[in-house]
Number of protein chains: 2
Amino acid sequence: MLVRKATIHDIAEQLKLSASTVSRALNNSSRISIKTRERVRNAAAELNYMPNHLAMNLRKGRGTTIGVIVPRLNRHFFSHAIAGVESVLNPTDYNLMICQTNEDYETEVKSLQTFINHRIDGIIMSVATGTRKTTHIETALNEGIPVVLFDRMIKNLEVDQVLNDNFTGAFEMTKHLIEQGYHKIFHFSGPLHLELYTDRLNGYLKALKEASIEYRDEWIFNDVLTRDKARMIAEELIKNKNIPDAIFAASDFSALGALLAFKEAGYLIPTQIGIAGFANEPFTELTSPSMTTLEQYSEELGRSAARMLIERMEYKIKGTAPNSVVFKPKLIIRDSTLRLQVKQFDK
Amino acid sequence: MLVRKATIHDIAEQLKLSASTVSRALNNSSRISIKTRERVRNAAAELNYMPNHLAMNLRKGRGTTIGVIVPRLNRHFFSHAIAGVESVLNPTDYNLMICQTNEDYETEVKSLQTFINHRIDGIIMSVATGTRKTTHIETALNEGIPVVLFDRMIKNLEVDQVLNDNFTGAFEMTKHLIEQGYHKIFHFSGPLHLELYTDRLNGYLKALKEASIEYRDEWIFNDVLTRDKARMIAEELIKNKNIPDAIFAASDFSALGALLAFKEAGYLIPTQIGIAGFANEPFTELTSPSMTTLEQYSEELGRSAARMLIERMEYKIKGTAPNSVVFKPKLIIRDSTLRLQVKQFDK
DNA sequence: TTGGATTGTACAATCGATTGCACAATTTTT
DNA sequence: AAAAATTGTGCAATCGATTGTACAATCCAA
C-alpha cells in the first residue's frame, strides 16, 4: 500500500529528462521551454508528485515555518492573537507551529529550543509570567532567527514588539471608576517584572494623582493574576473589614475572583463596590453583573506581529533598530462599575 | 554576527576525524571508543553544535513531528485536549504543530496538505463541522501518515479514534431532566453527519422512550451549535408561545444562547424552564443560573489520542484493525436544571 | 608466529531538491 | 556565410547527517 513517494527523479525518468530540468520546469524557470514545462507539470500531477520540503529547505538553507509561543492557548486573548497571525500567514507560503508554555519558564526555554533545532525561520512569542531571564531569546536571535514579542515584553530587550498601550488603558479605566464616584480604588496587579503590569500600575496611579486622590501602598496587590488568588485576597479584605470602593484588576480572571468573593459575602455590585478587569475575555459578558473591562484587539495585534516578522525575515535588515507598534485598548463599560445607573439585579 | 552554524564536519575538522566518526560518536555507537566519544562531545559543546533536523529527517526518511488539527483553539475542550497531547509528547522527542480550521472544510484540507508537504509523521485531528468528505484524510493515510481522530468522527472511516460516549452522556442528561419533572424536553442538536451528534440525539430519544414520553419531531432542532443561532430559535419559540419544559442542547454555546433569550424574556430558570448543555466550558459555571452540563475529560482524551498515535507510528502495524477508546462523560448538575430545590436568584 | 576475531576509523553513497557552469542547437546579427 | 546571441538541457556539486562496506591496527588463541 505504502508506495514510495514520487520525486523529481521519477518525473525525469518518465520523461527522459534530467532532474535539474524537471526542477527548473517546476519552478517556472525561463530557461525551460514552455512545452517542456507543460509536460513536466502533467507528469507531476499524474504521479501525484509532492515536493519534499525537508530537502528543499535543507538545500535553500531556509524554510517557511513560523513558530508561535504563548503562555496559554485557552485564553481568549491568545487564541485570537493566533487567529490574527494565521490570517496573515494563510495567503502566503508560511506555515505555523504553535507551542504553549503554561506560564512556565522551563517549558518556554524548551519550546524555543525545539524551534531552533527544527530550524524554524521566525518566532512570535509572548513570554510566560515565570520568565525573568532573556538568554533563551537572545540565543534565538544569535542563531539568526528573527523574533517578535507581543503583549508581554521583558524590559531592556532589543527586539521587535507589538504592544498594547497598557498605560493609557489603565489610566482611562481608573478615570472611569473615579467618575462613577469610586474613591478608594484598589489595584490587583500582575508580576511587575513584566512591563505591561508596571504600565497598568502607572496608568492607575496617574489617574489617582490627577484626581488628587491620596492612595496608599496597601491599595496595591502585586502578582494577583488568577481567579483563586484574587478570591483569597478578597476574602481576606472582607474578613478584615478593609473594603475598597472599587477594584481595578489587571486581569479579567482576578477581577472574576474578586467579584465572586464579594458577591458571596453579600456585597452589592456595583452599588457598594465596583469591579473592573482587563482583556475582555468572553466570560466577562456573562457574569452577573456583567463586567467592565478593556478590549485589547488581540486579532489585530497578532496580524501586526505577523507582518512585522515577515518583514524581518524577508529583508533581513540586521542591526536595524527594533520596530514597535502600540495599540490603544478600548474601554468596555458594563454593569459591574455602572453605579450611577443602578440595575435591577442589584436589588 | 550571524555565523554559520556548526556541523559535524566542523567538529570533524577540529578533531582531525571524519564526519562519519563524529556522527557515530554523537549517536553513541559502540564502534567508537569511549575516549573519542568524549572528545567529540566536548568539541560539539564547545562549538555550540546543534543537529540539523532537516538533514536528519531527510536522511532517515522519517521525523518526529506530530500535527494536531482542531476546529477552534479557543474552545476549552480543544485547548485542554491539546494540553493532554502535550503532556504525553513533552517527555519524548516528538514535537507538536497545531493548526485550527475555524470549522471550515477548505481550511481543514489546506492544513492537512501543509502537514503532508512538511512530511509530518503523524496527525491527531478533530474534523470541522463543515467537513463531509473524507478524501483528504484518506490521502494522508495513503501517504503512510498515521491519523487518529478524536471527539468528532466521520461515519464509515476506518481510523483509530478516541471518543466520548455521547450516547450515554445524552441519555443520562435527559434522564436527569425527566427526574427533575421536565416532560416536554426539546433538543438542540448539531450537524447530524457527525456521529457525535446523532449519538447525542439517540441518547436523548432513548431516555424519552424509557420514560414513555411521546416526543414529537418538532422538539428537535438540527444544526444549532452556536450561541446566536440558539438565541434566534429560542426567540422564535417565545414569539410563537411554543415553550418547552426544558432544553437539552448538544453544545454549551447553544445552551447559553437559549438561556439568555429565555431569561431576557422573563422566564424563570430552572422553575419554568430547565436548560442543559454539553462540554462543561468554563463559562457554564458563571452564568446565572449556573448551567448544568457534561464534563468530557478533554485532557484525558488528548492523552489517549497521543498514546494511540505514537503506538501506530513506532510499530507501523499497517492493516491492523483501527483501535478505538471511549470515555464516558460525567454529569455536572448545576442550578439551571435543579428545579426541585429552587434557588434565590429565581425570584 | 600465524590466522582469526575484535576494535576504531574513514570512504563514499544516499536522502530530494537546487543551481553554477558547460555545451549543443537554433536563431539573429553583421 | 561567419560570428554572436539566445535557447534548451544536462552534469555534477551542494545542503547536513547517516550508514554499509572496507581497511588498518591491535589482541588473542593455537
Side-chain angles (χ1 to χ4, degrees), chain A residues 2-41 43-44 47-65 93 116-121 143-144, chain B residues 2-41 43-44 47-65 93 116-121 143-144:
Chain A
L2 171 59
V3 274
R4 200 176 55 79
K5 291 188 187 95
T7 71
I8 48 170
H9 295 98
D10 300 324
I11 302 178
E13 191 179 3
Q14 172 164 332
L15 262 41
K16 299 291 167 227
L17 288 172
S18 76
S20 44
T21 301
V22 173
S23 170
R24 289 195 176 90
L26 290 171
N27 287 302
N28 262 316
S29 159
S30 62
R31 310 277 308 167
I32 306 295
S33 66
I34 303 273
K35 213 173 67 191
T36 307
R37 279 188 245 173
E38 274 306 324
R39 287 176 61 221
V40 169
R41 256 199 291 276
L47 291 173
N48 193 25
Y49 167 77
M50 291 176 178
N52 184 324
H53 286 231
L54 293 180
M56 239 172 72
N57 293 342
L58 173 60
R59 180 65 235 260
K60 289 201 181 152
R62 53 157 237 129
T64 54
T65 306
D93 282 337
I116 295 174
N117 286 346
H118 276 243
R119 299 295 199 272
I120 286 286
D121 307 284
E143 293 282 339
Chain B
L2 170 60
V3 275
R4 200 177 54 80
K5 290 189 190 93
T7 71
I8 49 171
H9 295 97
D10 300 322
I11 302 178
E13 193 178 2
Q14 172 165 332
L15 262 37
K16 300 291 169 224
L17 289 174
S18 76
S20 43
T21 302
V22 173
S23 172
R24 289 198 172 89
L26 289 172
N27 288 303
N28 264 315
S29 159
S30 61
R31 310 276 310 166
I32 308 294
S33 66
I34 303 274
K35 215 173 66 189
T36 307
R37 280 188 242 173
E38 273 307 321
R39 288 175 59 220
V40 169
R41 257 198 291 272
L47 291 173
N48 192 24
Y49 166 77
M50 289 175 178
N52 184 324
H53 287 225
L54 293 180
M56 243 173 66
N57 294 342
L58 172 60
R59 181 62 233 261
K60 289 202 182 150
R62 51 156 241 132
T64 53
T65 305
D93 282 337
I116 295 174
N117 285 346
H118 276 243
R119 301 293 199 270
I120 287 285
D121 307 284
E143 292 282 339

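Asn57(B) comes within contact range of no nucleotide atom at all, as no heavy-atom separation falls under 4.0 Å. Using a 4.0 Å heavy-atom distance criterion, Ser33(A) is classed as a sugar-phosphate-only contact. Leu26(B) comes within contact range of no nucleotide atom at all, as no heavy-atom separation falls under 4.0 Å. Lys35(A) comes within 4.0 angstrom of no nucleic acid atom, judged by non-hydrogen atoms across all strands. Residue Leu54(B) is classed as having no contact, given no heavy-atom separation below 4.0 Å to the nucleic acid.
Between dT19(C) and Ser20(A), no contact under 4.0 Å exists linking OP1 or OP2 to a side-chain N or O. In terms of phosphate contacts, Thr7(B) brings no side-chain nitrogen or oxygen within less than 4.0 Å of OP1 or OP2 of dG16(D).
The Ala55(B) side chain lies nearest to dA17(D) when the options are dT7(D), dA17(D), dG16(C). Counting only heavy atoms from C-beta on, Ser23(B) has its side chain closest to dA17(D) among dA17(D), dT9(D), dG16(C).
Straight-line distance from the CZ atom of Arg24(B) to the C1' atom of dA22(D): 11 Å, rounded to whole Å. Atom C1' of nucleotide dT14(C) and atom CE of Met56(B) are separated by 16 Å, given to the nearest angstrom. For the pair His53(A) NE2 and dA17(C) C1', the interatomic distance rounds to 11 Å; values are reported in whole Å. What separates NZ of Lys60(B) from P of dT19(D) is a distance of 6 Å, to the nearest Å.
Between Lys35(B) and Glu38(B) no salt bridge is recorded (no basic side-chain N to carboxylate O distance below 4.0 Å).
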